[in-house]
Amino acid sequence: MSVRFFNSLTRSREPFLPLEPGRVRMYACGPTVYNFAHIGNFRTFVFVDALRRHLKWRGYELLHVMNLTDVDDKIIRDARAAGLPLREFTEKYIRHFWEDADALGIERPEVAPRATEHIPEMIALIGRLTRCGCAYHSDGSTYFRIASFPRYGALSGGKLAGNVAGASERVEADEYEKDDARDFALWKRSQPDEPAWDSPLGPGRPGWHIECSAMAMKYLGESLDIHCGGVDLMFPHHENEIAQSEGATGKPFAKYWLHAEHLLVNGRKMSKREGNYYTLRDLLERGYAARAVRYALVAVPYRKPLNFTLEGVEAAERRLKRLNETVRRLREAKSVVAEAADDAATTIAQARKAFGAAMDDDLNTAEALAAVAQLETAVNIALTRGELSEPFKRTALAAFDDVQTVLGILDPPEEALLDAAVEALIAERMAARQARNFARADAIRAQLAAQGVLLEDGKDGTRWRRA
RNA sequence: GGUGGCGUAGCCAAGUGGUAAGGCACGGGUCUGCAAAACCCUUAUUCGUCGGUUCGAUUCCGACCGCCACCUCCA
């Protein structure tokens with residue numbers, strides 16, 4: 001079975017067939033860098049990461065572009081409030097964004113272009129739109145003429161677009177200069193004290209949407225395979241991108257549109273006011289592991305609203321602990337039988353297949369994780385019974401490799417190194433146990449526990465692990 | 001107000017016109033000197049409420065209730 005996606009454009013699940021066989025060109029809307037990204041932002045970025053990992057795992061050659069929006073109204077406002085030049089201000093949050101992304105195990109896209117470094121491309125695109133009659137100048141700004149693009153509203157449903165004029169109570173000053181209330185700015189005339197770029201359109205700065213069209217086309221061509229982002233971007237952002245891009249090129253812009261649902265915290269929309277607003281750093285400061293946060297974010301399929309709770313992260317931590325321990329024990333285990341029991345081998349094979357099939361099916365991570373749990377139990381049974389064979393071990397490790405490649409939730413293999421002192425204590429405890437001096441044995445165990453070393457007595461001696 | 005989505009056990013959550021995956025927590029058990037870890041068993045006659053279609057609905061339709069989103073900056 002091949003990869004299938006729910007395409008927002010057609011509102012149906014479709015087989016994924018890239019424009020060019022074996023090659024995927026994908027664009028994802030990235031962060032606007034005026035603050036620390038919050039956990040809701042990362043729900044989307046973790047989804048995009050799972051998407052890119054899965055496509056690569058399925059053998060596609062991937063070119064993934066994610067923009068960094070480093071100029072817009074909020075950035076200008078906050079940079080001014082901070083008393084910093086735009087560049088210096090955004091630089092800081094870009095750095096923090098990558099730090100957080102790294103902590104969450106998010107792979108870097110192949111290209112992460114900044115809007116401010118692509119002003120000429122945007123100006124060129126606006127020029128193209130002006131020449132074909134899709135754009136017009138008005139009082140120093142340039143707007144896209146929606147009337148010139150009959151298919152406007154294809155993505156979000158024409159109804160939404162028709163609503164705009166009536167729904168908008170408040171009318172911005174510059175909107176008086178538009179021919180139609182639905183028209184949107186491609187180039188904004190600069191206000192005093194605002195960052196501005198010189199251009200044939202007059203001094204100003206780009207509108208919100210044009211950067212994505214310009215940068216997507218620059219790096220991916222005029223038609224791309226996948227465009228993704230959060231649902232809230234569907235309208236007007238993505239709708240406008242389509243209008244701009246297709247208006248200029250006359251070609252379909254993106255074949256598949258994938259939208260991640262929003263995240264709620266404690267069942268409610270996240271807001272600073274309600275006190276349920278979290279950044280990754282907030283969670284790390286509270287002592288939660290970044291991996292557990294990633295697990296909590298990726299465990300719910302992307303098209304479902306995700307109810308994020310601290311309890312959920314704690315559950316994810318416990319879940320991950322067992323998973324990591326299972327993999328570690330499997331790695332360290334020596335195979336003791338020549339051949340695996342048929343049923344065990346079958347379970348592994350089936351679980352591995354089910355994992356891939358679930359991910360193929362529009363990234364059904366919940367179902368994929370159910371397969372991981374099956375895998376885990378089968379391995380633990382073999383381990384407990386001492387029925388591990390070399391082929392079984394190899395296959396099981398390969399299956400966990402798949403899981404790690406696609407979901408990135410496991411801990412990296414740990415170097416098994418112990419202080420001589422700790423090792424000596426473990427040996428002393430063993431001797432005490434053999435002499436049935438349990439008081440001494442327990443005292444040593446407690447002492448090691450206090451140092452974060454937990455002991456587990458098994459048939460083959462004492463294992464230890466870090467708390 | 002308009003439009004769209006969702007509502008499954010204590011919590012998270014998959015799924016299907018044919019009788020409810022998985023995880024976390026809880027309880028019981030095996031193992032252990034005691035633990036820990038692991039394993040086994042148990043946990044929804046029921047899928048927001050009320051109707052309708054159907055041989056049969058949690059799954060389709062309608063109404064209602066609740067929540068969320070978009071329509072205005074937003075992942």
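In what follows, every chain begins at residue 1, and chains take the letters A, B, ... in the order their sequences are listed.
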Can you find a side chain N or O atom of [X] that sits less than 4.0 Å from OP1 or OP2 on [N]?
X: Asn364(A); N: A21(B); answer: no
X: Trp208(A); N: C74(B); answer: yes
X: Arg322(A); N: C39(B); answer: yes
X: Arg318(A); N: G23(B); answer: no
X: Thr32(A); N: A75(B); answer: yes
X: Arg329(A); N: A37(B); answer: no

Looking only at the side chain of [X] (C-beta and beyond, no hydrogens), which of the listed nucleotides [options] gets closest?
X: Lys269(A); options: C40(B), A37(B), C68(B); value: C68(B)
X: Leu264(A); options: C68(B), A75(B), G33(B); value: C68(B)
X: Pro236(A); options: C12(B), A75(B), C71(B); value: C71(B)
X: Asp457(A); options: G33(B), C74(B), C39(B); value: G33(B)

Exercise. May I ask you to decide if Phe6(A)'s main-chain N or O and Glu14(A)'s side chain share a donor-acceptor pair within less than 3.5 Å?
Key: no

Using whole Å, report how far [atom1] of [X] lies from [atom2] of [N].
X: Leu383(A); N: A36(B); atom1: CG; atom2: P; result: 19 Å
X: Asp73(A); N: C74(B); atom1: CG; atom2: C1'; result: 13 Å
X: Leu320(A); N: C12(B); atom1: CG; atom2: P; result: 20 Å
X: Leu455(A); N: C34(B); atom1: CG; atom2: C1'; result: 13 Å
X: Lys304(A); N: A75(B); atom1: NZ; atom2: C1'; result: 19 Å

Quiz prompt | Sole candidate of Glu325(A), Glu376(A), Glu314(A) that passes salt bridge (Lys or Arg N to Asp or Glu O under 4.0 Å) when paired with Arg319(A) | solution = Glu376(A)

For the side chain of [X] and the base of [N], is some donor closer than 3.5 Å to an acceptor across the two?
X: Arg445(A); N: A35(B); value: yes
X: Thr44(A); N: A75(B); value: yes
X: Lys74(A); N: C73(B); value: yes

Quiz prompt | Counter-base of A20(B), judged by Watson-Crick or G-U geometry with both distances under 3.5 Å | solution = none

Quiz item: In the structure shown, which nucleotide is the Watson-Crick or G-U wobble counterpart of C70(B), with both distances under 3.5 Å?
Solution: G2(B)

Practice problem: Go through Leu448(A) and Leu454(A) one step at a time and tell me if the side chain to side chain contact (heavy atoms under 4.5 Å, CB included) criterion holds. | Solution: CA-CA 7 Å; Leu448(A) 286 171; Leu454(A) 302 183; over 6 Å; no

Quiz prompt | His262(A) over A75(B), stacked by centroid distance under 5.5 Å, angle under 30° | solution = yes

Quiz item: With the threshold set at 4.0 Å, does a side-chain nitrogen-carboxylate oxygen contact exist between Asp72(A) and Lys74(A)?
Solution: no

Quiz item: Looking at Trp187(A), is Arg205(A) sitting on its ring face, NZ or CZ under 6.0 Å from the six-membered ring centre and within 45 degrees of the normal?
Solution: no

Practice problem: Evaluate the side-chain proximity of Cys228(A) to Trp257(A): yes if any heavy-atom separation is below 4.5 Å, no if none is. | Solution: no

